[in-house]
Amino acid sequence: MCGIVGYVGSSRAVDIVVEGLRRLEYRGYDSAGVAVPDGARVRVSKRAGKLVNLEGALADDPLPASSSAMGHTRWATHGAPTDPNAHPHIDCHGRLAVVHNGIIENFATLRAELEAAGHHLTSETDTEAVAHLLEDACEASGGDLAEAMRQVCRRLEGAFTLVAVHADAPDLVVGARRNSPLVVGRGQGENFLASDVAAFIAYTRDAIELGQDQVVAITSADVTVTDFYGQVVQTREYHVDWDISAAEKGGHDYFMLKEIAEQPKAVADTLLGRLTPDGRLSLDEMRLSDDELREIDKIIIIACGTAFYAGLTAKYAIEHWTRIPCEVELSSEFRYRDPIVDRSTLVIAISQSGETMDTLMALRHAREQRARVLAICNTNGSTIPRESDAVLYTHAGPEVGVAATKTFLTQVVACYLIGLYLAQVRETKFGDEVAIEVDQLDRMPAAVEQALETMEQIRALARELSDSKSVLFIGRHVGYPVALEGALKLKELAYMHAEAFAAGELKHGPIALIEDGLPVVVVVPPRGRDALHDKIVSNIQEIRARGARTIVLAEEGDDTVAPWSDTLIQLPKVPTLLQPLVATVPLQIFACELAMARGNDVDQPRNLAKSVTVE
Ligand code: F6R
């Protein structure tokens with residue numbers, strides 16, 4: 001949520017920053033802006049709307065060459081997405097500029113204080129208060145921007161990443177973070193600050209993690225990190241294991257299409273190297289000992305949105321394999337209901353970005369109750385894995401499309417690996433049983449590849465249904481979270497009403513929604529689980545009898561559903577617990593194609609942003 005880039009070096013700084021913003025635009029696209037030091041002042045250019053508007057403004061009125069610059073792409077919180085509310089914000093004299101990601105919760109008090117002291121604020125944002133606080137703090141600290149930043153941060157409440165430049169220090173960019181992401185990119189004779197490594201991956205793959213409540217000052221040669229009181233702190237450097245090509249569309253019209261196509265590889269990479277030569281499952285990055293795992297008597301999965309549905313899917317497998325009770329809870333609800341959590345609870349926090357504020361806050365609450373926290377995350381160096389006791393990374397590579405696709409599949413795989421590992425350690429499954437399940441998982445990249453072959457059929461279906469007002473999704477068992485995920489994708493991309501139900505619940509009310517021609521997508525479990533399968537076949541007949549247009553996803557060769565299917569989409573044959581990994585794929589394609597048919601921006605759906613760093 002909000003993308004920030006800062007640069008110091010010998011290249012034309014504003015160009016580097018604008019290019020970085022292009023790579024971070026998925027984080028927010030309500031406005032964009034840049035600032036450069038220029039003699040006695042900072043020059044700012046900013047525009048409401050997507051980055052292309054800023055690029056137009058810069059083409060008409062270029063900013064001067066400079067060795068430092070910073071920029072911002074915004075997902076609006078305080079103040080409408082207008083030019084004046086766009087970042088950067090400047091102080092009274094236009095000598096410093098600041099950009100911000102997060103929410104300053106005490107901004108009303110600070111603003112009142114600043115106005116009473118004679119400062120002139122022109123926007124509706126919380127951020128502008130920081131520019132004026134920095135103005136006073138710079139004066140008090142003899143023009144030391146890093147020290148001014150530390151003083152200001154100590155006064156701020158809430159979540160923030162801040163980056164600032166000052167006219168008096170044209171070769172310096174200063175940043176700070178609390179509860180919001182910021183990483184350093186270390187180059188040769190140049191350094192970068194960014195919300196995400198994607199912004200600088202074209203120049204360097206060497207990054208430095210910044211911890212909570214830290215201030216960083218970069219020049220072309222140095223990176224200095226301190227806490228909010230000026231104490232120099234040790235940082236962790238890491239090498240990013242993907243390159244610029246992973247952050248490009250690679251010939252696809254949209255990142256989402258590319259990311260859907262990458263799913264077989266994402267699943268394969270997440271599974272890579274998990275089996276030892278003697279057939280045991282090994283999760284060596286887990287950092288929780290087998291003894292600790294034996295003490296667990298309850299699992300709670302916390303996550304949001306698509307990650308939450310990955311958790312719901314995993315519950316079925318985890319309970320089945322481990323016999324440990326597993327709850328799945330929306331992160332945003334978790335800490336407000338006084339959950340029963342103690343040292344024997346394993347909390348699994350699932351987050352692609354590793355920065356989702358709701359999940360971070362839930363995780364902290366769990367740790368305060370002494371629970372052991374295990375993160376499933378796709379972003380190295382992000383806050384959620386850093387604050388967890390253990391982490392299992394999904395190796396999906398960067399996901400740029402705002403709608404999660406490949407990370408859903410890899411989150412399910414990671415949860416399954418954890419379930420099987422627990423079963424192995426606690427001996428609720430024999431070693432050879434675990435090996436059989438892992439072997440089934442190993443076959444999934446090929447099955448996902450096969451599921452992608454539904455692409456053309458789904459495209460035609462989406463074109464046919466592009467004027468529909470509503471689509472319902474139903475499923476049973478692990479098909480239910482798949483239905484929920486299908487409906488979420490359709491809402492966020494096609495802006496259509498879509499709702500998912502457990503198929504057995506239809507008769508308890510929702511069946512009243514069925515009317516002539518209403519599309520209903522049905523996820524049919526494989527035939528191996530006969531009770532489950534036969535029940536849903538009855539459900540299909542019930543809705544068809546009431547006029548629904550049935551779109552049925554069933555395993556190949558399942559001829560029992562054909563008579564009741566207006567459209568039959570054949571899925572590869574896989575075990576029931578693994579069916580979500582193939583059944584989700586056509587639903588992603590369906591939402592993507594419907595969005596395109598309706599003229600929507602698939603990668604940047606309205607009102608959304610990837611990485612939701614506010615509560
Ligand atoms: C939907 C989507 C969101 C995210 C949710 C959690 O397509 O992308 O629902 O799944 O915001 O994000 P992470 O996984 O980064 O915590």
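First listed ligand is number 1; within each ligand, the first listed atom is number 1. Positions are given from 1 along the sequence.
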Given side chains that start at C-beta, do those of Phe590 and Leu490 come closer than 4.5 Å, heavy atoms only?
yes
Is the shortest N/O to N/O distance between Ala404 and ligand 1 below 3.5 Å?
yes
Which ligand 1 atoms does Ser351 reach within 4.0 Å, using its non-hydrogen atoms?
13 (P), 14 (O), 15 (O), 16 (O)
Does the pair Tyr480 and Glu505 meet the rule for a side-chain hydrogen bond (donor to acceptor under 3.5 Å, both in side chains), with working shown?
CA-CA 11 Å; Tyr480 173 45; Glu505 274 296 294; over 6 Å; no
So if I count the atoms of ligand 1 from 1 in the order they appear, which ones are less than 4.0 Å from some heavy atom of Gly305?
9 (O)
Nearest protein heavy atom to atom 15 (O) of ligand 1, by residue and atom, and its distance?
Ser353 OG, 2.7 Å
Identity and separation of the nearest protein heavy atom to atom 5 (C) of ligand 1
Cys304 O, 3.6 Å
Tell me, which protein residue and heavy-atom name are nearest atom 12 (O) of ligand 1, and how many Å apart are they?
Thr356 OG1, 3.5 Å
Nearest non-hydrogen protein atom to atom 14 (O) of ligand 1, with distance, is Gln352 N, 2.6 Å
Region of Glu355 that comes within reach of ligand 1 [heavy atoms, distance under 4.0 Å]:
neither
Output the list of atoms in ligand 1 that are nearer than 4.0 Å to some heavy atom of Ala307, sorted by atom number.
10 (O), 14 (O)
the protein heavy atom lying closest to atom 7 (O) of ligand 1 turns out to be Glu492 OE2, 2.5 Å
Report the part of Val402 (side chain from C-beta onward, or backbone N, CA, C, O) that has a heavy atom under 4.0 Å from ligand 1; answer both or neither where that applies.
backbone
Which atoms of ligand 1 sit under 4.0 Å from any heavy atom of Ala403?
7 (O)
Looking at atom 11 (O) of ligand 1, what's its closest protein heavy atom, distance included?
Val612 CG2, 4.1 Å
Salt-bridge test for Glu259 and Lys406: reply yes if a basic N is under 4.0 Å from a carboxylate O, no otherwise.
no
Atom indices of ligand 1, in the order listed, that fall short of 4.0 Å to a heavy atom of Lys489
1 (C), 7 (O)
When you measure from the centre of the six-membered ring of Tyr495, is the NZ or CZ of Arg598 under 6.0 Å away and within 45° of the axis?
no
Are Glu248 and Arg23 within salt-bridge range, i.e. N to O under 4.0 Å?
yes
So does Arg335 pair up with Glu368, basic N to acidic O under 4.0 Å?
no
How about NZ on Lys298, more than 12 heavy atoms from neighbouring residues, nucleotides or ligands closer than 6.0 Å, or not?
yes
Are any of the N/O atoms on Lys610, whether in the backbone or the side chain, positioned under 3.5 angstrom from an N/O atom of ligand 1?
no
Answer yes when Glu387 and Arg364 have at least one side-chain N-carboxylate O distance shorter than 4.0 Å, and no when they do not.
yes
Could you walk me through whether Arg337 and Glu333 pass salt bridge (Lys or Arg N to Asp or Glu O under 4.0 Å), step by step?
CA-CA 7 Å; Arg337 71 165 175 92; Glu333 292 291 320; over 6 Å; no
Are any of the N/O atoms on Thr306, whether in the backbone or the side chain, positioned under 3.5 angstrom from an N/O atom of ligand 1?
yes
Shortest non-hydrogen pair, Gly419 vs Thr322, comes out as O-CG2, 3.3 Å
